[in-house]
Amino acid sequence: MVKLAIAGFLVRVAVGIAIAAALAVLLALLRGGAFIESMRISSWLVGCLLLLLALAGHSPAARSGTIDPWLQSHFPKLVPRMSAAYSGTRVSSSALFVLAALAMFVLGALLG
């Protein structure tokens, strides 16, 4: 389970860096400044966005364990497995978003 949490964290950071780099290119073109300064600003912006996503939490449907009716109709044998609660230790997606936001803030601080 730890490997899955690390993979989720790394995916969030990689997507955050990719979005920040694309935003930095646009900022550098619009402002006419250096790419590094634009990357610093965009990494802070993406970090703030990740914090907002962390505060959003899980949807009520994910917490209640409801399963999509379309999925139930096509895969009836998976329904008991999908509705069973996982008893192991889990890392919440909110915690992964907070850690990814902190990574983006550190990247922004290192670039400045």
Side-chain angles (χ1 to χ4, degrees):
M1 191 63 196
V2 173
K3 291 179 185 178
L4 186 62
I6 291 172
F9 167 71
L10 291 176
V11 165
R12 284 172 175 84
V13 170
V15 168
I17 290 173
I19 291 172
L23 187 60
V25 168
L26 289 174
L27 278 174
L29 289 174
L30 291 175
R31 292 178 54 212
F35 175 77
I36 297 297
E37 179 66 21
S38 297
M39 184 66 181
R40 183 181 68 81
I41 293 169
S42 63
S43 65
W44 279 89
L45 288 173
V46 170
C48 290
L49 178 67
L50 288 172
L51 275 181
L52 287 174
L53 289 173
L55 295 175
H58 291 92
S59 70
R63 280 192 295 246
S64 65
T66 58
I67 300 171
D68 183 35
W70 181 85
L71 192 63
Q72 282 181 337
S73 66
H74 290 322
F75 303 103
K77 291 185 179 181
L78 288 178
V79 173
R81 285 186 175 175
M82 291 173 61
S83 60
Y86 178 72
S87 61
T89 304
R90 289 186 276 181
V91 178
S92 71
S93 61
S94 295
L96 293 178
F97 276 116
V98 168
L99 290 174
L102 291 176
M104 293 304 295
F105 291 147
V106 167
L107 177 65
L110 289 176
L111 292 173

- Heavy-atom pair of closest approach, residues Ala5 and Leu96: O-CD2, 3.6 Å

- Indicate the atoms forming the closest heavy-atom contact of Leu51 with Ala101, along with that distance. CG-CB, 3.7 Å

- Query: So which heavy atom on Ser42 is nearest to which on Ala20, and how close?
  - Reply: OG-O, 2.8 Å

- Give a yes or no on whether Met104 and Ile6 share a hydrophobic cluster (residues Ile, Leu, Val, Met, Phe, Trp, Tyr; joining criterion: side-chain heavy atoms under 4.5 Å apart). yes

- Under a single-linkage definition using a 4.5 Å side-chain heavy-atom cutoff for Ile, Leu, Val, Met, Phe, Trp and Tyr, are Leu53 and Val15 assigned to the same hydrophobic cluster? yes

- Query: Which value, rounded to the nearest 0.5 Å, describes the distance between Leu50 atom CG and Ile19 atom CD1?
  - Reply: 8.0 Å

- Query: Yes or no on side chain to side chain contact (heavy atoms under 4.5 Å, CB included) for Leu99 and Arg12, after CA distance, side-chain angles and deciding distance?
  - Reply: CA-CA 9 Å; Leu99 290 174; Arg12 284 172 175 84; over 6 Å; no

- Single-linkage hydrophobic cluster Ile36~Val46, side-chain heavy atoms < 4.5 angstrom: yes

- Message: How close do Ser38 and Ala24 get, counting heavy atoms only, and between which atoms?
- Response: CB-O, 3.4 Å

- Nearest 0.5 Å, what's the CZ-CG distance between Arg40 and Leu110? 12.0 Å

- Note on the structure: Nearest heavy-atom contact between Ala103 and Val13 is CB-CG2, 4.0 Å

- CG (Leu102) and CG (Leu107) are apart, to the nearest 0.5 Å, by 12.5 Å

- Query: Which heavy atom in Met39 sits nearest to a heavy atom in Ile17, and how many Å separate them?
  - Reply: CE-O, 4.1 Å

- Task: Report whether Leu23 and Trp44 are members of the same hydrophobic cluster (ILVMFWY, side-chain heavy atoms less than 4.5 Å apart, transitive linking).
- Result: no

